Number of protein chains: 2
Amino acid sequence: MMGERASRAVLAYLKALYLLAEESSGSGVGAPPGLAQRVSTSAIAARMGVSAPSATNMLKRLAARDLVTYEPYKGGSLTQKGREVALEIVRHHRLLETYLVGALGVPWDEAHAEAEALEGDLSETLEERISAALGDPQFDPHGHPIPAKNGAMPKTSRSRRSLWDVGDGEAALIEQVPDSHPDALRYLAEVGVLPRASVTVESRGPIGGPLFVRIKDDKETAPMALSKEIAEAIWVQ
Amino acid sequence: MMGERASRAVLAYLKALYLLAEESSGSGVGAPPGLAQRVSTSAIAARMGVSAPSATNMLKRLAARDLVTYEPYKGGSLTQKGREVALEIVRHHRLLETYLVGALGVPWDEAHAEAEALEGDLSETLEERISAALGDPQFDPHGHPIPAKNGAMPKTSRSRRSLWDVGDGEAALIEQVPDSHPDALRYLAEVGVLPRASVTVESRGPIGGPLFVRIKDDKETAPMALSKEIAEAIWVQ
DNA sequence: TTTTAACCTTAGTCTTTTCTAAAACACTCT
DNA sequence: AGAGTGTTTTAGAAAAGACTAAGGTTAAAA
């Protein structure tokens with residue numbers, strides 16, 4: 001379907017580009033009108049666990065292949081072609097996570113790492129089988145949207161509000177939790193802070209102190225404490 | 001558990017070494033007493049779809065890592081360490097084939113290619129989950145033995161006799177079919193020549209001509225014709 | 001024993017992806 | 001405007017794998 005098939009490293013960079021852009025700007029309902037969000041070299045390097053020169057180098061090679069738009073000192077952004085490849089990988093990743101958790105009983109905090117190892121080698125036909133076996137799900141266990149084969153994204157709320165931004169006494173519906181912090185995820189699962197759960201923010205500690213939340217309709221148990229870092233990585237509706 | 005983790009290429013070579021040795025010498029019940037079977041450079045190159053110099057080069061690097069024993073012009077053979085790694089991959093491959101066919105409905109002729117793509121990235125814990133979900137199977141859908149975690153091989157018949165070697169009028173129990181020839185496998189599945197099936201050899205064509213076999217207890221339908229190549233790749237008990 | 005055919009290795013190159021060290025740029029603060 | 005700080009890029013090198021071309025080895029035929 002397209003030129004030379006991409007190596008594992010190329011796929012990983014494209015996915016990082018996509019996710020970093022998604023995280024920094026609401027990519028909510030439709031595709032953003034203009035070009036995709038620009039991502040800095042150092043952000044890519046940090047995400048990939050690689051030195052800055054490596055990221056620069058790869059950015060230039062991706063640009064030569066028309067997978068990203070790159071301007072020196074300005075970072076890079078996915079082209080249409082690059083976004084298509086990235087979405088394919090993201091779809092693989094999220095379908096695998098969903099399958100591993102649902103069909104093989106992998107704990108959700110381990111699913112991310114396992115899916116990452118396999119996502120690059122999933123064939124189109126196996127991808128289809130897995131999706132079908134799951135009933136073509138639209139969200140993975142962490143609440144992240146799974147792109148359709150044609151690249152369409154299930155719509156999430158436009159808000160992009162984090163749990164940290166919810167005022168004291170206010171209620172909120174958990175929409176997404178991060179997928180890549182096993183310890184935090186184990187804790188969240190334990191206390192019931194899962195996608196689609198309703199929680200109420202009770203109070204928070206002094207400066208950057210922990211946030212105290214309570215699962216809605218649970219007046220008995222003590223509220224749980226969430227660090228600012230975690231609360232900021234949880235998105236609510 | 002062991003030194004530097006092996007790259008995909010290294011794993012693929014070790015697996016090829018193992019399988020080529022297994023194919024050329026009966027590796028039936030117990031591990032062969034002496035050192036493993038030696039495999040020629042060109043056999044490896046052919047199996048890997050790589051030039052002969054590439055195979056020589058890799059053989060030397062594997063030897064430097066103590067994964068194979070290599071003597072110039074004499075080929076290479078797996079060391080104990082190398083065999084352990086190879087068995088791990090073979091286990092991954094055959095468990096994946098079994099899982100894909102059984103749990104996801106992948107046709108058995110496609111399972112080999114899919115499993116090959118994934119085998120190198122399967123984690124130990126996922127391997128365990130898959131094995132458990134299948135009830136720790138001992139054989140894959142093609143009848144190949146699945147090594148246990150400790151490297152023990154389920155025993156197969158010592159004979160190593162191919163269907164081609166079965167005399168006219170004689171009956172035989174299918175034990176293994178090849179896993180890597182989709183077209184042939186589709187045909188075999190269609191006509192019912194599967195592992196554990198009993199067949200009777202009716203006759204064969206002149207020189208290298210097709211073999212005519214009939215599923216036991218099926219006196220009605222016409223016998224099916226199998227080429228010499230296929231018949232030689234099917235092992236019976 | 002010589003010849004020959006088949007097979008194997010050496011030598012040198014290429015691509016991909018990474019690194020470190022050092023230079024160039026961008027931006028902020030005064 | 002200039003200095004300083006932090007980010008980015010250039011430069012040069014290395015490791016893993018793969019290739020072609022050319023030379024060396026083995027072993028079977030003559």
Side-chain angles (χ1 to χ4, degrees), chain A residues 2-17 20-21 24 37-78 82 85-86 89 116-117 119-121, chain B residues 2-17 20-21 24 37-78 82 85-86 89 116-117 119-121:
Chain A
M2 110 197 17
E4 329 76 60
R5 52 221 153 295
S7 71
R8 233 165 294 281
V10 165
L11 294 180
Y13 275 93
L14 293 175
K15 180 181 148 201
L17 258 310
L20 287 167
S24 77
Q37 220 48 31
R38 260 196 312 218
V39 179
S40 77
T41 303
S42 54
I44 296 165
R47 175 66 76 103
M48 294 289 302
V50 120
S51 70
S54 298
T56 296
N57 182 35
M58 182 56 99
L59 237 23
K60 291 205 282 196
R61 277 184 301 122
L62 293 175
R65 292 219 221 167
D66 250 321
L67 292 165
V68 314
T69 300
Y70 168 66
E71 230 182 323
Y73 295 100
K74 300 270 178 77
S77 64
L78 294 171
V85 177
I89 300 293
E116 195 148 76
E119 67 194 15
D121 299 295
Chain B
M2 106 198 21
E4 330 74 60
R5 53 219 152 296
S7 69
R8 236 168 293 284
V10 165
L11 295 180
Y13 274 93
L14 292 175
K15 180 182 148 200
L17 259 307
L20 286 167
S24 77
Q37 220 49 31
R38 260 198 310 220
V39 179
S40 76
T41 302
S42 55
I44 296 164
R47 175 65 75 106
M48 294 289 301
V50 123
S51 70
S54 298
T56 296
N57 183 35
M58 182 56 98
L59 238 22
K60 290 204 283 196
R61 275 182 304 124
L62 293 175
R65 291 220 223 169
D66 250 320
L67 293 165
V68 315
T69 301
Y70 168 65
E71 231 181 323
Y73 296 100
K74 299 272 175 77
S77 64
L78 293 171
V85 178
I89 300 294
E116 195 146 76
E119 68 194 14
D121 298 296

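Protein chains get the first letters and strands the later ones, always in sequence-line order, with residue 1 at the start of each. Given the structure is predicted, the values throughout are model-derived calculations rather than measurements. Heavy atoms only: backbone and side chains are in, while hydrogens, waters and symmetry mates are out.
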Measure the distance from [atom1] on [X] to [atom2] on [N] and round it to the nearest whole Å.
X        : N       : atom1 : atom2 : result
Leu11(A) : dT16(C) : CG    : C1'   : 14 Å
Arg61(A) : dT16(C) : CZ    : P     : 7 Å
Glu71(A) : dC25(C) : CD    : C1'   : 14 Å
Tyr13(A) : dT16(C) : OH    : P     : 14 Å
Met48(A) : dT18(C) : CE    : P     : 6 Å
Arg38(A) : dA26(C) : CZ    : P     : 13 Å

CG-CE distance between Leu20(A) and Met48(A), expressed to the nearest 0.5 angstrom: 10.0 Å
Sugar-phosphate only, base, or nothing, as touched by Lys60(A) at under 4.0 Å among non-hydrogen atoms: sugar-phosphate
Touch class at under 4.0 angstrom, heavy-atom based, for Ser51(A) against every strand present: base
Test side chain to side chain donor-acceptor pair (under 3.5 Å) applied to Arg8(A) - qualifying residues, sequence neighbours left out: Asp121(A)
Partner residues of Ser7(A) under the side chain to side chain donor-acceptor pair (under 3.5 Å) criterion, sequence neighbours left out: none
Over all atoms of both residues, closest heavy-atom pair of Gln37(A) and Ser24(A): CG-OG, 3.6 Å
side-chain contact (heavy atoms from CB on, under 4.5 Å) against Ile89(B), all qualifying residues, sequence neighbours excluded: Leu11(B), Lys15(B), Glu119(B)
side-chain contact (heavy atoms from CB on, under 4.5 Å) involving Ala63(B) - partner list, sequence neighbours excluded: Val68(B), Tyr70(B)
Heavy-atom contact window of chain B on DNA chain D, given 5' to 3' at under 4.0 Å: dA16(D) to dT25(D)
Axis-to-axis angle between the two ends of the helix from dT1(C)-dA30(D) to dT30(C)-dA1(D) (five base pairs per end, rounded to 10 degrees): 10°
Residue whose closest nucleotide on DNA chain C lies nearer the 5' end, Ser40(B) versus Val10(A): Ser40(B)
Pairs under 3.5 Å (N/O, protein and nucleotides 27-29 of chain C):
none

Student check: side-chain heavy atoms of Ile44(A) and Leu17(A) closer than 4.5 Å: yes
pair Arg47(B)-Val39(B): side-chain heavy atoms closer than 4.5 Å: no
Listing, residues 54-62 of chain B side-chain donor-acceptor contacts under 3.5 Å, not counting sequence neighbours, or none:
unit_1	atom_1	unit_2	atom_2	d
Ser54(B)	OG	Ser51(B)	OG	3.0
Thr56(B)	OG1	Ala52(B)	O	3.4

Neighbours of DNA chain D within residues 52-59 of chain A, by heavy-atom distance under 4.0 Å: Ala52(A), Pro53(A), Thr56(A)
